[in-house]
Each structure stands twice: as C-alpha cells, then as structure tokens.
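Numbered from 1 within each chain, the chains take letters A, B, ... in sequence-line order. Note: hydrogens, waters and symmetry copies are ignored here, and every other heavy atom, side chains too, is used. Just so you know, these numbers come straight off a predicted model, no measurement behind them.
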Amino acid sequence: MTTTPRPVRRASPRTRRPATPPDPARPLLPATEPVRLLDETGTPLPAHTDYPEPPADVLRELYRRMVVGRRFDVQATALTKQGRLAVYPSSRGQEACQVGAMLAVRDTDWVFPTYRESMALVSRGLDPVEVLTLLRGDWHCGYDPAARRTAPQCTPLATQCVHAAGLAYGEAHQGRDTVALAFIGDGATSEGDFHEGINFAAVFKAPVVYFVQNNRYAISVPLSRQTAAPSLAYKGVGYGVPSEQVDGNDPVAVLAVLTRAVAHARAGNGPFLVEAHTYRMEPHTNADDATRYRDGAEVDAWRDRDPVSRLETYLRARGELDDAAVAAVADEAEAYAAALRERMNAQPTVDPLSLFDHVYAEPTPQLVEQREQVRAELAAEQEGDA
Amino acid sequence: MTTTPRPVRRASPRTRRPATPPDPARPLLPATEPVRLLDETGTPLPAHTDYPEPPADVLRELYRRMVVGRRFDVQATALTKQGRLAVYPSSRGQEACQVGAMLAVRDTDWVFPTYRESMALVSRGLDPVEVLTLLRGDWHCGYDPAARRTAPQCTPLATQCVHAAGLAYGEAHQGRDTVALAFIGDGATSEGDFHEGINFAAVFKAPVVYFVQNNRYAISVPLSRQTAAPSLAYKGVGYGVPSEQVDGNDPVAVLAVLTRAVAHARAGNGPFLVEAHTYRMEPHTNADDATRYRDGAEVDAWRDRDPVSRLETYLRARGELDDAAVAAVADEAEAYAAALRERMNAQPTVDPLSLFDHVYAEPTPQLVEQREQVRAELAAEQEGDA
Amino acid sequence: MATTMAKALNAALADAMADDDRVVVFGEDVGQLGGVFRITDGLQARFGDRRCFDTPLAEAGIVGFAVGLAMSGLRPVVEMQFDAFAYPAFEQIASHVAKLRNRTRGALSVPIVIRVPFAGGIGGVEHHCDSSEAYYAHTPGLKVVTPATVADAYSLLREAIADPDPVVFMEPKKLYFSSADADLPARTEPFGRAVVRRPGRDATLVAYGPAVPVALEAAEAARAEGWDLEVVDVRTIVPFDDETVTASVRRTGRCVVIQEAQGFAGVGAEIAARVQERCFHALHAPVLRVSGLDIPYPAPMLEHTHLPGVDRVLDTVARLQWDDQPDARWLPATQGSAA
Amino acid sequence: MATTMAKALNAALADAMADDDRVVVFGEDVGQLGGVFRITDGLQARFGDRRCFDTPLAEAGIVGFAVGLAMSGLRPVVEMQFDAFAYPAFEQIASHVAKLRNRTRGALSVPIVIRVPFAGGIGGVEHHCDSSEAYYAHTPGLKVVTPATVADAYSLLREAIADPDPVVFMEPKKLYFSSADADLPARTEPFGRAVVRRPGRDATLVAYGPAVPVALEAAEAARAEGWDLEVVDVRTIVPFDDETVTASVRRTGRCVVIQEAQGFAGVGAEIAARVQERCFHALHAPVLRVSGLDIPYPAPMLEHTHLPGVDRVLDTVARLQWDDQPDARWLPATQGSAA
Ligand SMILES: Cc1ncc(C[n+]2csc(CCOP(=O)(O)OP(=O)(O)O)c2C)c(N)n1
Ligand SMILES: Cc1ncc(C[n+]2csc(CCOP(=O)(O)OP(=O)(O)O)c2C)c(N)n1
Ligand SMILES: [Mg+2]
Ligand SMILES: [Mg+2]
C-alpha cells in the first residue's frame with residue numbers, strides 16, 4: 001500500500017524550527033580535505049593549526065627509515081624471484097604510512113599489522129628475517145609477538161581490529177597506558193570485523209588508533225567497489241569516533257596526524273580513526289598481475305607523488321639534509337639489504353616434529369600418537385634415502 | 001619511540017586554507033534532532049519542509065491498524081500465559097514504527113522482519129496464526145514468504161540486512177521496482193552483518209530502506225553499551241547512505257519519514273537509513289524479567305509518549321475521528337483478538353514425517369533411510385499405545 | 001547438597017573470579033541480567049562491572065575482544081548466548097583462538113573459555129538449539145568439553161578457566177536446571193578422562209553432554225530386556241580418552257555411540273571410527289550410532305521426534321547382533337546394489 | 001583434448017551463464033581480474049558486469065547477498081577466495097543457506113553455489129590451505145561436492161548450478177593446474193554417485209578431492225608390494241553414495257579412508273563409521289584412516305609432513321591385518337590401560 005504525502009494546512013504555518021542545537025557530528029567528522037603539510041613537490045604548505053609539524057630530528061629519522069624501508073621492500077620482492085620467499089606483498093609507495101606510523105608509537109605500544117606491513121615492522125626494529133618468516137614459509141610468525149609487542153601479521157582481513165580493541169582495553173584495565181595501533185586496508189574496512197572492532201573500542205573507550213591505508217585497491221578491486229562514502233574516514237562518526245584523513249604520501253602530515261591520534265588515545269579519549277590516501281605502486285603481491293585491472297598512466301601519476309623524494313626535497317630545502325647525508329642513508333640501506341640477502345640465502349631448517357609442539361600447551365594423547373607415527377615415517381624415509 | 005610535535009617556523013606563515021570545499025557529509029547526515037510532526041501530546045508542530053504530512057485517510061488507516069495491532073500484541077502475550085505460544089516478543093510502544101512502516105511500502109515490496117515484527121506483519125495483512133507459527137512452535141515460518149513478499153521473521157540478528165540488499169539488487173537487476181524494507185533493532189546494529197548489508201546496498205545502489213527501531217534495549221543491554229555515536233542514524237554517512245532520525249512514537253512523522261525514504265530508494269537513489277527513537281514497553285519477551293535491569297519510572301515516562309493515544313488526540317482534534325469511530329475501531333480490534341484466540345486454541349497437528357520433506361528438494365538416500373527408521377519408531381509407539 | 005548445573009556453573013565462575021583477578025567474564029546480557037540462563041547471576045554485583053560486563057551485541061567482537069584481552073594477560077570467559085549465535089564468531093575461533101599458540105610457536109597463548117549453551121530439548125525456536133560441538137572438535141587447537149553432571153559442570157569449568165589453552169565449553173541447556181547432590185567446590189576427573197557412569201557387561205554406550213542422561217535411562221530400561229549396559233561419559237571430546245572407552249568396549253564387545261547432534265560427520269562418527277580401529281578383534285557387532293536426524297533442528301513440537309531418546313537407543317542396542325547374525329537392514333540393499 | 005581443472009571450471013561457469021540468464025557470478029576479484037586462480041577469467045568481458053562482478057570485501061556479505069538474489073529468482077554462484085576466508089560467512093551458510101528451504105516448508109529455496117578453493121599442497125601461507133569440508137558436510141541442508149578430475153570439475157559444477165539446493169563446491173587448489181584429456185562439455189555421473197577410479201581386489205581406498213590422486217598413486221605403488229587396490233572417488237560427500245562404497249568394501253574386505261583434512265571428526269570418520277556399520281561381516285580388518293595431522297595447517301616448508309602421502313597410505317594398508325593378526329599398535333596401550 002502506498003501513500004502519496006501531501007502538505008496539510010495547519011493552524012499556524014511556520015517553517016522548520018529556527019534554532020538547531022549544535023551538531024554532535026561536527027567534532028567527529030574529518031576535515032573535508034586530507035591533511036597535508038607538504039605539497040606534492042615537497043614545498044611546505046601554510047601552517048596547520050591542528051597539526052604542528054614534527055621536529056626536524058624526527059623528520060630526519062623518518063627519512064632514514066623510509067629509505068631503508070624502501071630498500072628492504074625492493075630486496076624482498078627480489079627474494080621472491082630467487083625463490084627465497086614464497087610470496088611478498090610490497091608496500092612501495094606507502095613508505096610514509098608504514099614508517100610514519102612506527103614513529104608515532106612507543107616501543108611499549110602494541111602494533112597490529114597486516115601481511116602488508118613488513119616494512120613497518122622492520123622500521124619498528126624487528127629482525128627482517130623474522131618478519132619474513134611467514135612469507136618464506138618456515139613458520140607462521142617469525143618473531144615473538146609478546147616481546148616485540150607486535151601481533152602476528154594478520155591475513156584474515158580486519159580480524160585484528162577486534163584484537164586491538166581487546167588488547168588496548170586489557171592494558172588499560174591493568175593500569176598501563178599502552179596504545180594499540182591497528183593497520184587496515186581500504187578493502188578490509190568492508191568486513192564486519194572492522195565494524196565490530198572499532199565499535200567495541202569506542203564503547204569501551206579503548207586506546208586504539210585505527211589506521212586505514214587507503215591504497216585504492218583490494219587486490220584488483222578499486223575503492224569504488226568498497227564504499228559509496230565520501231571517504232573512509234567518514235565511518236568514524238557512526239561509532240562516535242573522531243576521525244581524520246591525511247595525504248598518505250606526505251610523510252610529515254602522516255606523522256603529525258598519527259602523533260595526535262596516538263596522543264588522543266593515550267589521554268583516555270578512546271579510539272581515533274585515521275585514513276591515509278595513498279597508492280599501492282606494485283601489484284598486490286609478486287604473484288599478481290596488476291596490468292589486468294589498472295593502467296600504467298594511473299601508476300605513473302602516483303609516481304609523481306612519491307613520499308620519499310617529497311620528504312627529501314623538503315628536508316634539503318630546509319637544510320636538514322645534504323648530499324652527504326643522503327648518500328650515507330643510501331649506503332646504510334644497501335648494507336641493510338645486503339645483510340638481509342645473505343641471511344636469506346641460508347636455507348632454514350625446521351624440525352618436522354616441531355609441528356606437534358605448539359598445538360596445545362601439552363600435546364594431547366592423540367597428538368603424541370601422531371607424533372610417533374611421523375617419527376617412524378621420517379625414520380623410514382631416512383632409511384630409504386640411505 | 002615517541003615524538004613531541006612542535007610548531008615549525010615557516011617561510012610564509014598563514015592559517016589554514018580559507019576556502020573549504022562543500023562538505024560531502026552534509027547531505028547524508030541526519031538532522032540533529034529526530035523529525036517530529038506531532039508533539040508528545042498530539043499537538044501538531046510547525047510544518048516540516050522536508051516531510052509533508054500524509055493525507056488524512058491514510059492517517060485514519062494508520063490509527064485503525066495501530067489499535068488492532070496493539071490488541072493483537074496484547075492477545076499474543078496472553079496466549080503465552082495460556083501455553084498457546086512458546087514465547088512472544090511484544091512490540092508494545094512501537095506501534096507507530098510497526099504499523100507506519102507497513103503503510104509506507106507497497107504490497108509488491110519485500111519486508112525483512114525480525115522476531116519482534118509480529119505486529120507489523122499482521123498489519124501487513126498476513127494471517128496472524130501464520131505469523132505466530134514460529135512462536136507457537138509447529139514450524140519455523142508459518143507463512144509463504146514468496147507469496148507474501150515477507151522474509152521469515154529473522155532470529156540471527158542483522159543477517160537479514162544482507163538478504164535485503166541482495167533481494168533489492170536482484171529485483172532491480174530484473175527490471176522490477178521493488179523496494180526492500182529491512183527492520184533491525186538498536187542492538188543488532190553492532191553486528192558485522194548490519195555493516196556488510198548496508199555497505200553492499202550502498203555500493204550496488206540497491207533500493208533498501210534500513211529501519212532501525214531504537215527501542216533503547218537489547219534484551220537487558222542499554223543503548224550506551226551498543227554505541228558511542230551521537231545516534232545510530234549517524235552510521236549512514238560512513239556508507240554514503242543518507243539518513244534520518246525520527247521520533248518513533250510520533251506515528252505521523254514515522255510514516256512521513258519512511259514514505260520519503262521508500263520513495264528515495266524506489267527512485268534509484270540507493271539505500272536510506274532511518275532511525276526511530278522509541279521504547280520497548282514490555283520485557284524482551286514474556287520470559288524476560290525487565291525489573292532486573294530497568295526501573296519502572298523510566299517505563300512510566302515513556303507511557304506518556306504513547307503513540308496510539310497521541311495519534312488519537314491529533315485526529316480527534318482535526319475532526320478526523322470521533323467517539324463512534326474510535327469505538328468502531330476498538331470493536332474491530334476486539335473481534336480480531338477473539339478470532340485469533342479461538343483459532344489458537346486449536347492444537348495444531350504436525351506430521352513428524354514432514355521433518356524429512358524440506359531438507360533438500362529431494363531427500364538424500366541417508367534421509368530416506370532415516371525416514372524409514374522414524375516411521376518404524378512411530379509405528380512401534382502407536383502399537384505400544386494401543 | 002542438592003544443586004543445579006546452572007548454579008554449579010555460576011559457583012565455578014564466582015570461585016574462579018575470587019581466586020584469580022585476571023578472570024573477566026563478558027558477553028551479551030551477562031551483567032545486570034546475569035545471563036538469559038542466569039549462569040552469571042550476581043557476578044557483576046559481587047565483582048564489579050570491570051570484572052563482569054555486557055558488550056555490544058556482536059559475537060565476533062566478543063571473541064576477538066577476548067583474544068586481545070588474553071594477549072594483555074587477562075583470562076577471559078565469554079558467553080555465547082546460544083549455540084547458533086556463536087557462528088558469527090567462527091572465523092575468530094577457527095583462525096585465531098585455535099591457532100594463535102601454534103602460529104607464534106607458543107609465544108602467545110590465548111587461554112579463553114568460550115561458553116556455549118547448546119543442544120535442544122527445551123522447546124526453543126529455530127537457531128536456539130543447534131548441536132555445534134563437531135565444528136569445534138574438528139578444529140585443532142581447541143579443547144572441547146561438555147559436562148553431563150552437576151559436579152562436572154563445576155569442576156570442568158574451573159579447569160577450563162585454569163587451562164593454558166582455549167576451551168570451548170559446551171553447556172547442555174536441557175540439563176541447566178536438573179539438580180543433583182554435589183558438594184561444591186567439587187573436583188572430579190581432569191580433562192582427558194572419560195568416566196564410566198554405570199558399569200555393565202553386555203555392551204558399552206558411549207555418550208557426552210545431553211546424551212548422557214539418555215544413555216543412563218536407556219541402560220536402566222535395558223535391564224528389562226536382559227541387557228546389562230555400561231555407560232561411558234566422554235566429558236572432554238578434545239582431548240579424547242581412548243583408554244577408558246576402548247577398555248570398556250574390549251570388555252563388553254559391543255558399542256553404541258550416542259549424540260544429540262545430527263549424525264553425519266559428527267563427533268559420534270569419530271568415536272565409532274576410533275573404537276572399531278582399536279577394538280576390532282573384540283567386537284561382536286559393528287559399532288552403531290544413535291544421533292539426531294540429519295535435518296535442521298526442528299520446531300519445538302517436533303523436537304521429540306528428532307532427539308535420540310531411550311527407544312531409539314534400545315532399538316539400536318537390539319541390532320548389536322546378539323545372535324551373531326549380520327544386520328538385516330543392510331542385506332537387501334546390498335544385494336540390490338551388488339546386482 | 002587436454003585441459004586443466006581450472007579451465008574446465010571456467011568453461012562450466014561460462015556455459016551455465018550462456019544457458020541461463022539467471023546465473024550470476026560474483027565475489028572478490030572475480031571480475032576484471034578473473035579470480036586469483038583465474039577460474040572466472042573472461043566471464044565479465046563476455047557477459048558484462050551485471051552477470052559477473054566484484055563485491056565489497058566481505059564474505060558474510062557475499063553469501064547473504066546471494067541469499068537475497070536467490071530469493072529474487074536468480075542463481076548466484078559465489079567465490080570464496082580461500083577456504084579459511086569463508087569462515088566469516090559461516091553464520092549465513094549454516095543458519096540461512098542451509099536452512100531456508102526447511103524453515104519455509106519449501107516455499108523459499110536458495111539454489112546458491114558457494115565455490116571454495118580448499119586444501120593445501122601449493123605452498124600457501126597460513127589460512128590459505130584449510131580443509132573445511134567437514135564443517136559443511138555436518139550441516140544438514142547443504143550439498144557438499146568436490147571434484148578430483150577435470151571432467152568431474154566441469155560436470156559437477158554444471159550440476160551444482162542447476163541443482164535446486166545450495167551446494168558448497170570444494171575445489172582442490174592443488175589440482176587446478178593438473179591437466180587431463182576431457183571433451184568439454186563433459187557429463188559424468190550425477191550427484192550422489194561415487195565412482196570406482198581403479199578396480200582392485202585386495203582392499204578399497206576411499207578418497208575424495210585432493211586425496212584421490214594420492215590414492216591412485218598409492219594403488220599404483222602398492223602393486224610392487226603385491227597388493228591390488230581399488231580406489232573409490234566419493235565425489236559428492238553429501239549426498240553420500242553408500243551403495244558404491246559398501247559394494248566395493250564387501251568385495252575387497254578391507255578399507256582405508258583417505259582425506260587431506262585433519263582427522264578428528266572429519267568426513268573420513270563418517271565414512272569409516274558407515275563402512276564398518278554396513279560391512280562388518282565382510283571386513284577382515286578394521287577400517288583405517290589416513291588423514292592430515294590434527295594440527296593447524298602448517299607453514300609451506302612443513303606441509304609435506306602434514307599431508308597424507310603415498311607412504312602414509314601404504315603404511316596404513318600394511319596394517320590391514322593381512323596375516324589376520326590384531327594391529328600391534330593397539331595392543332601394548334590396551335594392556336597398559338586394562339591393567
Ligand atoms: C577474510 C579474508 N577474505 C579474503 C582475503 C583474501 N585477500 C587477501 S588481501 C585481499 C585484499 C585486501 O585489500 P586491502 O584491505 O585494501 O589491503 P591491501 O592489500 O590493499 O593492503 C584479499 C581479498 C583475506 N585475506 N581475508
Ligand atoms: C546473532 C545473534 N546473537 C544473539 C542473539 C540473541 N538475542 C536475541 S534478541 C537479542 C537482543 C536484540 O536487541 P535489538 O537488536 O535491540 O532488538 P530488540 O529485541 O530490542 O527488538 C539478542 C541478544 C541472536 N538472536 N542472534
Ligand atoms: Mg588496499
Ligand atoms: Mg532494541
């Protein structure tokens with residue numbers, strides 16, 4: 001049954017109530033444009049009242065780590081060609097996000113990375129061989145998450161958003177001022193776990209920063225298939241979570257925005273949502289063929305917004321970086337890559353019987369039985385080989 | 001590692017860019033206050049430019065169905081006491097929403113109800129005995145969803161939000177102008193499926209109206225534990241979905257807002273999100289004890305905002321309703337309840353062997369075997385009885 | 001002292017919370033309401049709303065939040081309101097809860113207890129009566145436990161909370177309000193031990209959770225038919241106690257496995273497969289199974305047809321080839337198919 | 001003509017779409033990319049993006065959307081990108097896809113095909129190699145199908161799309177690029193029929209999906225040991241073909257069930273339980289099982305230890321009590337436990 005609404009004559013026709021109360025959405029919505037402190041050429045933009053620029057020494061460190069991070073990333077892709085890595089998802093083009101985020105948190109904070117955050121993790125100081133263990137294939141997680149306060153690189157998309165909420169709440173519950181930083185991709189924001197995670201964090205005022213690297217693709221699927229929202233940062237208000245969008249290829253802005261977001265969370269104000277607009281320069285992984293779904297012109301356009309050269313230009317212009325410093329960082333990056341290459345050349349050995357060690361704290365009788373069976377199989381194999 | 005941001009001197013210090021582009025969130029955000037056309041006493045408010053009032057004949061029909069609906073609801077609760085229903089979730093207090101929604105859609109539109117929408121369904125014209133089948137316990141769904149274009153009353157919370165998106169898209173795909181109306185409660189908006197459903201609808205521009213009856217409780221859990229958002233309607237913008245909030249106890253406003261939302265969807269503009277602020281007057285179901293988690297004063301306060309008497313007052317004031325008409329509607333409601341009572345007194349019979357009929361289109365050999373076993377068991381039982 | 005399983009579970013939670021500050025209890029309606037089955041009754045009042053609290057209505061959220069809390073050093077005990085409403089959390093359970101210890105070579109453990117009121121027999125409407133234990137039992141890394149007695153309810157839940165591994169704790173809804181004498185705090189056999197609830201010489205009934213009382217009742221009724229049946233209560237599905245079960249079957253030479261869940265690829269299949277593997281030469285008849293039908297859980301008025309009751313158990317015991325003749329059921333079909 | 005399983009699946013989708021306008025294909029990356037395994041390659045180019053399209057990245061969304069599309073009269077075929085990434089959709093699958101026909105007394109049917117690339121053997125990292133078929137097989141209302149040959153891949157997928165019931169179509173990833181001669185459009189045996197892939201007299205190997213080539217290889221290798229093994233390919237786990245399997249085992253008198261999935265409460269347990277129930281008097285040895293270990297799927301470098309290979313199968317065949325002596329493995333344990 002349908003009804004065709006029509007206006008009704010009223011006793012005292014007036015228009016809508018004049019005085020509207022203050023809009024509760026305003027403090028939660030992002031600025032309509034991404035925050036930028038540098039333009040695309042690396043020239044500083046007018047000072048941003050909300051986001052003071054990080055100090056020069058921090059920016060030099062940011063530069064150093066981005067250069068090393070990029071070199072690491074290139075090396076890792078090369079390792080896939082040499083069969084030393086099963087697969088590698090590059091974050092080339094996302095250096096400002098990967099490294100900026102790690103400079104925004106403390107060593108005591110927890111980080112919840114996805115499979116794409118290898119660069120972030122080595123930038124955090126994790127051993128690159130341990131970071132690449134998952135992708136080399138000798139075990140699922142190569143580092144000690146508790147010791148490094150870094151969750152395993154997460155493959156089931158968006159699931160880490162909920163863990164971050166729980167960890168952050170649990171830390172606060174125990175009187176510690178830990179912040180949790182959860183990485184997530186544009187595509188993964190479509191998953192229910194993103195919704196549930198940020199909502200739990202908001203309801204429990206858990207100190208979490210949700211950091212969306214919107215690199216415009218989820219494998220082949222463009223952003224337009226993930227959302228009809230003006231931008232992903234607009235999701236914050238629906239959870240009562242303040243949000244911001246930032247130019248993800250502006251390293252200074254990324255660091256500034258995340259620093260403030262982390263401070264917001266640490267101060268007990270609950271979660272914060274940051275969306276960085278960036279671009280995945282490489283295919284999804286080395287196994288992907290990006291030419292099937294996007295053209296080179298688009299990639300080229302983003303090449304011009306390269307975050308590393310942008311920061312270099314800026315720091316040089318400010319006199320914070322000269323040729324010698326740039327060369328020194330480049331050398332450091334080469335040395336880092338060479339050391340990694342060499343260590344990755346060693347074929348790792350994994351004891352097959354270790355398969356049974358960590359299913360439960362103590363293996364069940366069934367697993368003990370299966371371990372004996374495998375032990376016998378291995379012994380027979382060796383006999384066969386001998 | 002932490003960085004303490006500090007301002008940097010710049011070449012040409014200026015403040016933030018002056019000209020900001022138009023805010024893309026604005027057209028999607030709800031008005032900061034719920035839409036109301038009647039105040040709590042039933043007095044009309046100043047005309048609302050966005051929401052013209054529905055015509056008088058429709059309002060009289062709304063009143064009639066609300067009175068019948070309420071009577072049905074009371075009868076259903078009574079049937080639980082007589083053991084004729086296993087359980088009944090009352091929607092008393094939500095009559096404006098339950099009935100208003102059904103007047104906003106066409107018979108050819110699809111409705112996706114939850115377990116709480118019994119009143120809506122009988123208001124849609126479904127046979128009340130069929131509607132109560134689920135709750136009486138003779139089968140899961142008593143009506144033919146395809147024939148009545150009404151999905152089974154949904155228990156797994158929020159899952160129907162995704163079905164509605166698919167149905168609406170599928171209808172449009174086949175050139176039909178069907179709108180899907182999906183009911184959902186405040187609590188269920190926390191589920192991932194709400195997020196995924198409304199996002200799919202938005203990305204595919206599927207004609208769905210998501211209608212949140214925010215009755216302030218999910219069983220015992222108050223709204224404050226579901227969200228930190230200013231209100232649930234603020235979730236729309238994060239999906240690019242326009243949204244509105246409405247006084248859910250103002251029947252005229254509910255109908256006006258939903259009518260416009262349905263028109264928006266039917267016109268090909270994609271989904272629309274409506275949040276109705278209302279209150280569940282009864283316990284969650286007859287099996288619940290609401291005194292454990294809320295006090296009578298709160299319930300009493302909402303009694304003063306009763307949607308039925310509000311509409312009655314208004315229609316009487318407008319001369320659209322007089323004592324005779326009110327009495328006639330009351331009589332109709334009584335007759336409806338009496339007929340229902342009588343039909344529900346008959347003990348339904350269900351053939352146990354029908355258990356095997358609708359697992360697959362054709363029973364598998366395994367089910368055929370099991371059916372024979374049950375047939376034998378039943379025969380033995382009968383023999384035993386005889 | 002006579003008490004109910006619901007009260008025993010409540011006492012186990014309260015005692016665990018009193019003994020260990022790290023234990024936190026949360027879920028839907030577990031706070032002020034005390035849970036729809038009142039298993040968490042009074043915990044918020046006693047321990048405060050930082051130790052026992054309601055969450056937003058989202059099960060993946062609840063389990064994932066528990067994962068994070070466990071990473072921070074707490075010991076979360078979460079309630080899924082009903083069996084089928086744990087399904088939204090399936091990814092969190094299968095891909096994280098079950099695997100985190102393994103994925104991190106033991107560096108992270110997630111000692112979470114996921115309480116799942118399960119199975120039927122209470123006249124619940126659809127989606128409120130699923131038997132979902134097989135999904136969890138088939139997922140390595142989870143322990144799966146289900147009490148059938150009041151004392152076990154207390155003891156197994158205490159052990160689950162203290163256990164270093166994640167435990168899916170399946171509570172048979174229909175037994176919540178059955179009462180028995182139990183001196184709480186009771187401590188019964190540990191995880192990994194099945195228990196002979198009733199000794200017998202002629203055949204072994206293996207059952208767990210809601211099927212245990214059915215097995216006991218059937219064993220009682222079987223006396224009239226001249227059968228002396230042993231009843232083994234599995235208690236912990238994972239880890240499974242092969243020793244107790246096989247010892248019993250080797251003694252009796254016959255075995256029927258009883259579960260309430262739909263039969264196909266259920267836990268009963270595993271038990272039947274294991275028993276015949278290990279007891280082949282002791283068996284005088286195939287291991288038979290009694291289970292729910294392979295159908296979606298039916299509406300209340302039909303559930304008694306679905307549920308394996310005493311008659312179905314006795315019919316099956318009768319087919320244990322007491323005369324050493326092959327089961328007639330399979331003969332005609334075979335001859336047909338062999339032709 | 002030699003073709004691969006991937007190509008056969010692609011052809012089945014294309015032919016189904018050409019034959020029936022109602023067939024729509026969607027999921028993650030199935031459009032322009034053609035799927036990460038290229039199973040949907042070219043479909044969007046040929047049929048347009050209303051018939052083959054990408055969705056937001058959300059599996060419950062994909063399956064729930066398919067439910068709605070099916071209600072509107074379409075025939076959705078959805079792709080879950082990998083096995084473990086179907087878990088977010090578990091509630092939609094278990095509570096709606098499997099049950100809608102039943103819940104509505106047949107008024108609504110949801111003829112959806114859920115394609116799940118599953119199992120390992122391809123060096124995939126964690127969460128990309130789960131064998132999840134048992135979760136679906138244990139859920140009444142779903143049909144569960146898994147091809148092991150190129151021709152079956154085509155034929156079973158066509159049948160799945162035409163079937164009035166929802167079908168979980170499990171595609172063994174490691175077989176995608178194995179090729180065989182197959183004249184497409186091929187039509188093989190219908191749902192509900194297992195097939196004897198290799199006749200033999202001494203024992204029956206029952207396998208499905210990725211385990212079938214292992215079984216065949218083992219049967220070949222077993223000739224050297226003097227065993228003539230029959231191999232039965234189950235093909236459709238639900239509905240299960242008792243007739244073919246039991247006829248084979250009655251002929252051979254011995255049976256080994258092979259699955260790649262972790263063993264506990266898996267499909268192999270069901271098959272073993274059924275076979276011993278139905279063939280008890282024909283069996284010269286217990287029905288044995290070969291499966292993956294009861295551990296989370298391991299990292300690539302260890303997967304060969306996990307996966308049931310030819311040696312594990314032959315070791316198991318060797319234990320089929322050819323000398324009619326009880327299995328020595330169980331004896332010491334038993335005596336220990338009986339003591
Ligand atoms: C639950 C789940 N579904 C599907 C996948 C397969 N998958 C891996 S990465 C990916 C795309 C993710 O895109 P986005 O979130 O934008 O992150 P990005 O890769 O761009 O960093 C998909 C679909 C997965 N890992 N988990
Ligand atoms: C997935 C799921 N989880 C839990 C439940 C149990 N449950 C039934 S109703 C309900 C509360 C729902 O609250 P709300 O969405 O506000 O709707 P209302 O009952 O107020 O109409 C809960 C938790 C369920 N039905 N489904
Ligand atoms: Mg992306
Ligand atoms: Mg509510």
Side-chain angles (χ1 to χ4, degrees), chain A residues 86-87 115 133-141 152 155-159 185-194 218-222 225-227 284 287-290 292-294 348-356 358-359 364 366-367 369-374 376-378 380-381 384, chain D residues 27-36 38 41 44 49 53-62 64 81-82 84-85 87-89 91 122-128 262-264 290-306 308-309 311-312 314-316 329-330 333:
Chain A
V87 64
Y115 51 88
T133 298
L134 169 75
L135 305 165
R136 178 166 67 177
D138 40 321
W139 203 271
H140 306 301
C141 179
T155 313
L157 292 167
T159 51
D186 47 312
T189 63
S190 297
E191 292 277 5
D193 275 15
F194 168 73
I219 307 187
S220 71
V221 182
R225 265 292 143 111
Q226 299 300 342
T227 189
H284 176 65
D288 179 34
D289 174 7
R292 288 178 78 103
Y293 53 82
R294 68 184 186 188
T349 55
V350 222
D351 177 8
L353 290 178
S354 68
L355 281 176
F356 300 95
H358 307 295
V359 184
T364 62
Q366 286 69 38
L367 284 174
E369 224 174 84
Q370 291 173 29
R371 184 168 60 192
E372 289 321 301
Q373 180 192 340
V374 169
E377 286 176 9
L378 293 170
E381 252 175 56
Chain D
E28 295 157 8
D29 301 293
V30 300
Q32 217 166 324
L33 184 63
V36 294
R38 303 291 185 268
D41 195 21
Q44 186 175 79
D49 63 4
F53 53 87
D54 292 328
T55 64
L57 211 173
E59 293 77 10
I62 292 169
Q81 201 160 79
F82 287 87
F85 305 144
Y87 299 158
E91 180 187 34
I122 57 157
V125 301
E126 57 170 359
H127 307 300
H128 287 74
Q262 62 276 18
F264 200 87
V290 177
S291 71
L293 308 168
D294 283 311
I295 62 172
Y297 197 90
M301 288 191 194
L302 290 171
E303 70 177 350
H304 63 279
T305 305
H306 172 67
D311 286 347
R312 198 174 293 163
L314 294 180
D315 287 353
T316 308
R329 279 184 310 168
W330 313 131

#### Entry: Candidate pair A:S354 and A:W139, rule side chain to side chain contact (heavy atoms under 4.5 Å, CB included), full reasoning
CA-CA 10 Å; A:S354 68; A:W139 203 271; 3.5 Å; yes

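- Neither the backbone nor the side chain of A:R371 comes within less than 4.5 Å of any heavy atom of chain D.
- Among residues two or more places apart in sequence or in another chain, the side-chain contact (heavy atoms from CB on, under 4.5 Å) test is passed with A:D289 by A:T291, A:R292, D:R38.
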### Task
Starting from the C-alpha separation in whole Å, work towards a yes-or-no answer on side chain to side chain contact (heavy atoms under 4.5 Å, CB included) for A:Y293 and A:D288.
CA-CA 10 Å; A:Y293 53 82; A:D288 179 34; 2.4 Å; yes

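- Of the two parts of D:Q81, only the side chain, counted from C-beta on, holds a non-hydrogen atom closer than 4.5 Å to a non-hydrogen atom of chain A.
- A distance-only check finds no donor-acceptor pair linking the side chain of A:D138 to the backbone of A:P348 [under 3.5 Å].
- In terms of heavy-atom pairs under 4.5 Å with chain A, the best-connected choice from D:Q32, D:H127, D:E126 is D:E126.
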### Evaluation steps, side chain to side chain contact (heavy atoms under 4.5 Å, CB included), between D:L57 and A:E191
CA-CA 6 Å; D:L57 211 173; A:E191 292 277 5; 3.5 Å; yes

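- A:Y115 is not listed as a side-chain neighbour of A:L135, based on a closest heavy-atom distance of 4.5 Å or more.
- Contact count against chain A (heavy-atom pairs under 4.5 Å) is highest for D:E59 among D:E303, D:E59, D:H306, D:H304.
- Using a 4.5 Å cut-off between heavy atoms, D:D29 contacts chain A through both its backbone and its side chain.
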### Message
For a side chain to side chain contact (heavy atoms under 4.5 Å, CB included) check, start with the C-alpha distance between A:T227 and A:D186, then their side-chain angles and the critical distance, and finish with the verdict.
### Response
CA-CA 9 Å; A:T227 189; A:D186 47 312; over 6 Å; no

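- Heavy-atom distances place both the backbone and the side chain of A:L355 under 4.5 Å from chain D.
- Across D:T55, D:T305, D:L293, the residue that shares the most heavy-atom pairs under 4.5 angstrom with chain A is D:L293.
- By the 4.5 Å heavy-atom criterion applied to side chains, D:F82 and A:T155 are not counted as neighbours.
- Partners of D:T316 under the side-chain contact (heavy atoms from CB on, under 4.5 Å) rule, at least two apart in sequence or in another chain, are D:V256, D:L288, D:V290, D:R319.
- Contact of A:V221 with chain D is made through backbone and side chain together, with heavy-atom distances under 4.5 Å.
- Residue contact with chain D, scored on non-hydrogen atoms closer than 4.5 Å, involves the side chain of A:Q373 exclusively.
- In this structure, the portions of A:L134 lying under 4.5 Å from any heavy atom of chain D include both its backbone and its side chain.
- Proximity to chain A (any heavy atom under 4.5 Å) is restricted, for D:H128, to the side chain, taken from C-beta onward.
- Among A:P156, A:C141, A:A86, A:A376, the residue making the largest number of heavy-atom pairs under 4.5 Å with chain D is A:P156.
- Of the listed residues A:V359, A:V87, A:I219, the one with more heavy-atom pairs under 4.5 angstrom with chain D than any other is A:I219.
- Within the 4.5 angstrom heavy-atom criterion, atoms from both the backbone and the side chain of A:A218 approach chain D.
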